[in-house]
A.B. asks: 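Before we start, here is the structure in question, set down as structure tokens.
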Number of protein chains: 2
Amino acid sequence: MNPGFAREPNNTAVTIQDVADLAGVSITTVSHVINGTRFVSEDLTQRVLQAMDQLGYKPNLLARGLRSGRTRTLGLVVPDMANLFFAEISRAIEEIAFNRGYSLIICNSADNPEKEKTYLGVLLAKQVEGIIFISAGSSEDILNELERCGVPLVYADREIPSQLADVVLLDNEFGGYLATNHLIQLGHRQIACISGPSGLTPSADRVAGYRRALVEAGLPVCPEYIVSGDFHYHSGEIGMLHLLDLEDPPDAVFISNDMMAFGSIRAVRSRNLRLPEQISIVGFDDIILAQASSPALTTIAQPIQQMAEKVIELLFMRMHSNSAGMERQRVILKPELIIRDSTRALIQQPERTR
Amino acid sequence: MNPGFAREPNNTAVTIQDVADLAGVSITTVSHVINGTRFVSEDLTQRVLQAMDQLGYKPNLLARGLRSGRTRTLGLVVPDMANLFFAEISRAIEEIAFNRGYSLIICNSADNPEKEKTYLGVLLAKQVEGIIFISAGSSEDILNELERCGVPLVYADREIPSQLADVVLLDNEFGGYLATNHLIQLGHRQIACISGPSGLTPSADRVAGYRRALVEAGLPVCPEYIVSGDFHYHSGEIGMLHLLDLEDPPDAVFISNDMMAFGSIRAVRSRNLRLPEQISIVGFDDIILAQASSPALTTIAQPIQQMAEKVIELLFMRMHSNSAGMERQRVILKPELIIRDSTRALIQQPERTR
DNA sequence: CTGAAAGCGCTTACAG
DNA sequence: CTGAAAGCGCTTACAG
């Protein structure tokens with residue numbers, strides 16, 4: 001359009017042919033020295049290497065992928081990359097993948113099944129070699145289609161209906177149990193719970209663990225003590241406010257993720273209640289800021305590094321080996337209770353103030 | 001290897017040829033109905049659409065990209081995707097890109113220039129149409145090479161030496177000034193600062209703003225009141241501990257990012273000091289948890305959404321239009337002081353306790 | 001209104 | 001020890 005100002009046309013990427021020409025060899029030879037895929041004499045190797053260097057040659061990965069069928073790219077779909085838990089697990093996965101020579105396309109579904117579906121299509125169309133999928137609630141149809149298409153696939157974090165693929169899960173039920181039981185051991189009896197979005201298995205399982213702990217301790221499971229959030233910060237605040245406004249408010253709350261727990265702390269403070277003196281809370285996830293909040297958050301730690309490693313291990317198994325007949329793997333990791341300063345033993349008060 | 005258990009070979013992806021065959025048209029026509037790139041009769045259009053649907057056809061984006069030279073993919077390099085600030089800006093950028101039909105390859109350089117360099121090469125080799133680069137400190141040589149190769153490029157967040165490319169920055173100096181001035185207005189006189197990694201312009205600029213505020217107020221700039229961190233949580237804790245151990249500890253601290261501020265809060269609590277009664281702190285970034293910390297953090301807000309929009313706007317300008325002659329853009333956004341509960345007016349004490 | 005064919009930049013049998 | 005050539009799956013002039 002404006003040739004006078006046009007960028008230098010030497011952008012026209014340098015190709016393997018240019019390297020071959022400069023080195024005075026065939027593109028076959030260039031390809032082989034790049035990939036180390038057959039013996040090339042010392043002399044030619046040197047000439048090729050020098051030509052590549054001189055021209056600043058970078059292989060076109062699209063062409064390579066198209067021809068070879070190997071893209072050395074993985075796809076990761078997460079519901080919310082600005083949620084610290086997902087950010088941390090994404091980073092852990094990215095790092096392991098990188099060390100194995102793979103790049104990762106991270107897709108943020110923003111908790112939107114439509115977007116999730118679009119991204120899955122994009123990943124497939126981009127010929128990723130494997131997909132790690134933390135679902136935000138895609139329909140069974142879509143998942144079936146995905147599983148059928150044969151791409152190596154591992155689900156993480158969230159249980160999925162109709163699974164043919166491998167899955168790496170946390171024992172969320174046990175986590176909820178651990179958290180609630182901790183509160184019970186501390187002498188609390190009025191224990192509420194802020195759940196995550198209904199329909200997500202981690203959320204449901206955590207609440208199930210909460211219930212089991214109560215039942216085992218012979219405590220009643222009180223419906224108005226279970227309020228639902230959405231795993232986001234704000235809903236923790238709303239949920240806690242709701243609980244505090246109850247006629248008979250709880251003296252301890254199990255909040256099913258740390259983000260909401262931070263919101264809850266804000267609610268507690270806005271009511272001028274003291275934490276943990278007047279109310280104990282335990283979160284879930286152990287994101288890095290759990291240690292930094294005031295008071296530091298008692299929480300259930302997810303073994304993020306271990307999850308990431310397991311996910312990649314399974315994915316590579318499916319990608320590489322003759323794993324065709326291998327039966328579906330279900331890895332269930334154990335969470336751990338991390339006791340900090342947001343919980344404390346209930347001091348029996350002669351009469352409840354407030 | 002084990003054909004009996006081998007996955008169904010119908011994985012052999014369905015191609016445009018398969019669609020053409022089934023629809024009884026040429027691949028040219030299929031291509032044109034997919035891309036809406038020339039008129040195709042209603043009849044053929046329907047047949048193609050149906051064939052695509054029936055076969056579950058997905059265009060191979062590698063082939064498309066190779067042929068057309070357009071990959072509809074952008075690359076983003078960030079220093080630490082598990083840092084909430086970068087996670088949030090990544091999400092914002094991802095969303096805008098997605099809405100424009102682009103996918104984003106997010107690369108985590110982990111503050112490692114070597115990895116950063118590798119990733120830049122990967123992005124180029126993958127033929128991304130543009131790169132958004134938040135540097136963790138690459139050498140000038142690499143940046144020069146990058147700029148020369150002609151890929152549309154915009155730097156964000158951090159100033160870069162030898163810039164030919166556009167850049168979107170925050171006025172960090174002004175942010176540091178705002179923060180420190182706020183403390184001064186509150187009556188504080190012993191104001192310390194925890195900086196970020198030296199060598200990073202945001203960090204240096206924030207400290208420069210801190211200095212300017214002190215100087216303008218006629219206060220001394222005291223070297224031992226400036227301690228350096230690395231923008232990570234832990235260094236904020238260490239830094240604050242150091243400051244509190246000073247013979248003459250500060251009564252207010254400007255901490256140059258929120259992550260370190262959270263670390264500092266922990267330090268303050270470990271010394272049994274009360275915040276903000278005994279010490280005021282102001283952070284920088286306004287990540288979402290700043291509101292949720294206890295006390296809620298007074299901080300300097302970065303206009304993340306605006307930054308993301310500006311970055312994409314500039315990048316698309318370079319990618320699409322005849323922007324060849326357009327001069328380098330430098331967009332400097334203004335931060336904002338968000339007053340919360342971690343700062344308060346200094347109560348003049350008859351004599352300093354501790 | 002539609003199709004045959006060239007070609008994007010690689011890898012990989014095949015041949016010598 | 002090395003090269004000529006086919007072909008991956010598309011898009012896009014070119015032709016009719």
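Naming convention: chains lettered A, B, ... in sequence-line order (proteins, then strands); numbering from 1 in each chain. All heavy atoms count here, side chains included; hydrogens, waters and symmetry mates do not.
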A.B. asks: Measuring to OP1 and OP2 of D/dC8, would you say a side-chain N or O of B/N60 lies under 4.0 angstrom away?
C.D. replies: no
A.B. asks: What contact category does B/I27 fall into here, base, sugar-phosphate, or nothing, at under 4.0 angstrom with non-hydrogen atoms?
C.D. replies: base
A.B. asks: Return the nucleotide paired to D/dA13: Watson-Crick means purine N1 to pyrimidine N3 with N6-O4 or O6-N4, wobble means G-U with N1-O2 and O6-N3, both under 3.5 Å.
C.D. replies: none
A.B. asks: Tell me, with the steps shown, if A/E95 and B/N108 meet side chain to side chain contact (heavy atoms under 4.5 Å, CB included).
C.D. replies: CA-CA 8 Å; A/E95 188 172 357; B/N108 188 56; over 6 Å; no
A.B. asks: Let me know which of B/M81, B/E114, B/E116 forms a side chain to side chain contact (heavy atoms under 4.5 Å, CB included) with B/S109.
C.D. replies: B/E116
A.B. asks: Would you mind telling me which of D/dC1, C/dT11, C/dC8 lies closest to the side-chain atoms of A/R64?
C.D. replies: C/dT11
A.B. asks: From the options D/dT2, C/dT12, C/dA4, select the nucleotide whose nearest atom is closest to the side chain of B/S26.
C.D. replies: C/dA4
A.B. asks: Starting at atom CE of B/M52, determine the distance to atom P of D/dC10, rounded to an integer number of angstrom.
C.D. replies: 11 Å
A.B. asks: Can you figure out which of D/dG9, C/dT12, C/dG3 approaches the side chain of B/L66 most closely?
C.D. replies: D/dG9
A.B. asks: Between atom CG in A/L62 and atom C1' in D/dG9, what is the gap in whole Å?
C.D. replies: 12 Å
A.B. asks: If you measure only the distance, is there a donor-acceptor pair under 3.5 Å linking the side chains of B/Q50 and B/Q46?
C.D. replies: no
A.B. asks: Just the rounded figure in Å: distance from P of C/dC8 to CG of A/D18.
C.D. replies: 11 Å
A.B. asks: Are more than 12 heavy atoms, taken from residues, nucleotides or ligands other than A/E145, located less than 6.0 Å from that residue's CD atom?
C.D. replies: no
A.B. asks: When we call it a touch if two heavy atoms are under 4.0 Å apart, what does B/T28 touch: a base, just sugar-phosphate, or nothing?
C.D. replies: base
A.B. asks: Side chain of B/S31: nearest nucleotide among C/dT2, D/dG3, D/dT12?
C.D. replies: D/dT12
A.B. asks: Applying the Watson-Crick and G-U wobble criteria at under 3.5 Å, what pairs with D/dA4? Answer none if nothing qualifies.
C.D. replies: none
A.B. asks: If you only use heavy atoms from C-beta on, which nucleotide in C/dC8, C/dC10, D/dC14 is closest to the side chain of B/R38?
C.D. replies: D/dC14
A.B. asks: Write down the distance between CD1 (B/I16) and P (D/dG9), rounded to a whole number of angstrom.
C.D. replies: 11 Å
A.B. asks: For the salt bridge (charged side-chain N to carboxylate O under 4.0 Å, His left out) test, which of A/R318, A/K310, A/R328 pairs with A/D166?
C.D. replies: A/R318
